[in-house]
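Below: the structure, in structure tokens.
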Amino acid sequence: MSHPVEHSPAVATAADEAMPHGPSAVGLRDAKLGGWYREDSGELFRGMPIGAGDVVVDVGCGAGVNSVFCARHGAHVYAIDREPQVIREVRARLSVEGRGTHAALVSDANPLPLDDGMATRVICTEVLQHVDDPQQVLAELVRIGASGAIYLLSVPGALQEGLQEKVLPPEYRGQPGGALRVIDRDELARWVSDAGLVVMEHTQHGFFWSIWWALFWGCQVELYDPAHPVLDHWTAAWQTLLDMPQGQQLKRQLDEFMPISQIVVARKP
């Protein structure tokens with residue numbers, strides 16, 4: 001099972017960008033409450049500050065949201081993806097929005113076309129479930145990191161993957177580019193530790209998106225225009241929940257139960 005948009009905790013669509021209460025706006029608010037995109041501190045995710053002295057490698061950069069955040073905060077960014085069209089689009093975004101220097105490279109990450117120990121920050125979000133040998137890719141990520149480098153890694157939550165599989169329309173099953181495996185929490189932690197990294201935080205995010213995607217498949221709308229009363233009502237309900245006095249506590253509890261992503265922040269000794 002694989003989502004059409006997997007590389008950012010805030011899913012933005014052309015039809016949604018102008019909607020202050022649409023799913024991407026609510027999802028971005030939800031993401032920031034979960035620790036993402038801390039503009040004031042320059043943290044891409046809590047515990048991963050980005051600054052002008054950093055060399056960031058974003059493997060499987062997708063639409064480039066994380067790469068652009070890092071480039072805006074002055075880092076030297078290497079955005080990497082296996083799709084040439086994706087890299088062309090990210091290169092254009094970095095040229096317009098980035099402050100730091102940057103490069104966008106086509107690679108399947110096995111091996112990465114980068115020198116040993118060159119990165120101070122390594123990002124690999126929603127990628128390991130797609131590759132033939134996740135542990136080999138992790139080894140490559142560790143190879144390019146300098147001593148003390150901080151890593152931000154994520155994969156889909158296992159429980160919500162089962163939910164999506166239940167409601168996924170037959171025509172989407174088995175499509176090229178789909179996930180090859182479901183990675184559970186203990187397995188991810190073991191892989192990261194076995195690769196030689198020290199886990200600093202292992203957390204989760206995105207109950208909102210777990211439910212949104214399950215409803216999306218049932219509503220039979222297009223991603224570029226996901227307007228449907230069911231999706232609108234769910235988004236409005238989550239917005240209202242976040243506004244409640246106990247809303248953030250409930251969000252944390254639901255994120256822990258069925259996150260869209262499990263997230264590891266780790267350090268190379």
Nearest heavy-atom pair of [X] and [Y]: which atoms, and what distance?
| X | Y | answer |
| --- | --- | --- |
| His228 | Cys219 | ND1-SG, 3.4 Å |
| Glu161 | Val182 | CB-CG2, 4.2 Å |
| Gln204 | Glu256 | CG-CA, 3.4 Å |
| Gln262 | Asp184 | NE2-C, 3.6 Å |
| Arg185 | Thr203 | NH1-O, 4.1 Å |

Can you classify the ring geometry of [X] versus [Y] as parallel (below 30°), tilted (30 to 60°) or perpendicular (above 60°)?
| X | Y | value |
| --- | --- | --- |
| Trp209 | Trp213 | tilted |
| Phe45 | Trp36 | perpendicular |
| Trp234 | Trp238 | tilted |

| task | Salt-bridge test for Glu39 and Arg72: reply yes if a basic N is under 4.0 Å from a carboxylate O, no otherwise. | result |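 Looking at Arg72 together with Glu39, the answer is yes, because their closest N to O distance falls below 4.0 Å.
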| request: Any chance you could lay out the side chain to side chain contact (heavy atoms under 4.5 Å, CB included) test for Ile123 and Met48, step after step, and finish with the verdict? | output: CA-CA 10 Å; Ile123 305 163; Met48 192 176 195; 4.0 Å; yes
Spacing of [X] atom [atom1] and [Y] atom [atom2] [to the nearest 0.5 Å]:
| X | Y | atom1 | atom2 | result |
| --- | --- | --- | --- | --- |
| Leu44 | Arg121 | CG | CZ | 10.5 Å |
| Gln246 | Leu241 | CD | CG | 7.5 Å |
| Ser210 | Leu163 | OG | CG | 7.0 Å |
| Arg88 | Arg91 | CZ | CZ | 8.5 Å |
| Ser95 | His102 | OG | NE2 | 4.0 Å |
| Arg38 | Ile50 | CZ | CD1 | 13.0 Å |

| field | Polar side chain donor-acceptor pair, Ser261 to His205, under 3.5 angstrom | value |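 Side chains of Ser261 and His205: no pair found under 3.5 Å.
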| said: Could you check whether Arg252 and Gln249, counting side-chain N and O atoms only, form a donor-acceptor pair closer than 3.5 Å? | reply: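 No.
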Listing, residues 55-64 side-chain donor-acceptor contacts under 3.5 Å, not counting sequence neighbours, or none:
unit_1	atom_1	unit_2	atom_2	d
Asp58	OD2	Ser67	N	3.4
Asp58	OD2	Ser67	OG	2.7

| Co-members of Val106 in a cluster of I, L, V, M, F, W and Y side chains, linked at under 4.5 Å |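 Val106 shares its hydrophobic cluster with Ile87.
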| task | Go through the steps for Gln239 and Thr235 under the test side chain to side chain contact (heavy atoms under 4.5 Å, CB included), then give the verdict. | result | CA-CA 6 Å; Gln239 174 90 317; Thr235 301; 5.7 Å; no
| field | Candidate pair Trp212 and Ile260, rule side chain to side chain contact (heavy atoms under 4.5 Å, CB included), full reasoning | value | CA-CA 10 Å; Trp212 192 92; Ile260 196 76; over 6 Å; no
| query | If you group Ile, Leu, Val, Met, Phe, Trp and Tyr by side-chain heavy-atom gaps below 4.5 Å, do Leu94 and Tyr78 land in one group? | reply |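 No, because Leu94 and Tyr78 fall into different hydrophobic clusters, even though each may have its own neighbours under 4.5 Å.
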Which side-chain N or O atoms in residues 131-145 pair as donor and acceptor under 3.5 Å with protein atoms at least two apart or in another chain?
unit_1	atom_1	unit_2	atom_2	d
Asp133	OD1	Gln135	N	3.4
Asp133	OD1	Gln136	N	3.1
Glu140	OE1	Leu112	N	2.7
Glu140	OE1	Arg143	NE	3.4
Glu140	OE1	Arg143	NH2	3.0
Glu140	OE2	Arg143	NE	2.9
Arg143	NH1	Leu114	O	2.9
Arg143	NH1	Asp116	OD1	2.6
Arg143	NH2	Leu112	O	3.1
Arg143	NH2	Leu114	O	3.1

| query | Considering only heavy atoms from C-beta outward, does the side chain of Val221 approach that of Leu231 to under 4.5 Å? | reply |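 Side-chain contact under 4.5 Å: yes.
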| Is the closest side-chain heavy-atom distance between Val192 and His202 below 4.5 Å? |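 In short, these two side chains do not touch, never coming nearer than 4.5 Å.
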| request: Please assess Leu242 against Phe208 for the test side chain to side chain contact (heavy atoms under 4.5 Å, CB included), listing each intermediate value before the final yes or no. | output: CA-CA 11 Å; Leu242 294 179; Phe208 167 72; over 6 Å; no
